[in-house]
Amino acid sequence: AEQTFIMIKPDGVQRGLVGEIISRFEKKGFYLKGLKFVNVERAFAEKHYADLSAKPFFSGLVDYIISGPVVAMIWEGKNVVTTGRKIIGATNPAQSEPGTIRGDFAIDIGRNVIHGSDAVESANKEIALWFPEGAANWESSLHSWIYE
Ligand code: GTP
Ligand code: MG
């Protein structure tokens, strides 16, 4: 089944949004298959955001991600990568629709609360980077009530 990597950034943890965010993904019908706190080191943050290393905001982005513990998660379900990005909302909270996580809980692009993989390929790469131990192995007994 398709999986994505979701990370609650340090501001989301500090602001007490962990439960709210997990709840939104759970209620949608996605399955939580990995969950842990991580104190991200600079080199690891640079690796996670390597595609953005040429951007002018890169060092500020890395400072932001290492400014406190993050919550790293694996979520699973049909189209979870694309739908997860919709649940999260546009990168810049000024453009995020109300009803999305960033639209409801964020103001500035450099404090946008949450990360979600942008494609199945990057999801698999990020899951391998953040969860070398692998995902949890469980199946929901409600599956056929959610998936046709
Ligand atoms: P992630 O889910 O965190 O990867 O965000 P995204 O995929 O919506 O955006 P992208 O991967 O392009 O950028 C990664 C992160 O860098 C964003 O979530 C922002 O926190 C930050 N970022 C992106 N663009 C800008 C910018 O123009 N200025 C600043 N200050 N930060 C930016
Ligand atoms: Mg991104």
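Atoms within each ligand, like the ligands themselves, are counted from 1 in listed order. Positions are given from 1, in the same order as the sequence printed here.
Between Tyr31 and Trp75, a ring centre-to-centre spacing not shorter than 6.0 Å is recorded.
Residues passing the side-chain contact (heavy atoms from CB on, under 4.5 Å) test with Ala94 are Asn92, sequence neighbours excluded. Residues satisfying the side-chain contact (heavy atoms from CB on, under 4.5 Å) criterion with Lys47, sequence neighbours excluded, are Leu129. In this structure, the side-chain contact (heavy atoms from CB on, under 4.5 Å) partners of Ala123, at least two apart in sequence or on a different chain, are Thr4, Val81, Ser117.
Protein residues having a heavy atom under 4.0 Å from any atom of ligand 1 are Lys9, Tyr49, Leu52, Phe57, Leu61, Arg85, Thr91, Arg102, Ile109, Asn112, His115, Gly116, listed by chain and number.
Atom-to-atom distance recorded for Ile22:CD1 and Ile6:CD1 is 11.0 Å, nearest 0.5 angstrom.
In this structure, the side chains of Val71 and Met7 stay at 4.5 Å or more apart for every pair of heavy atoms.
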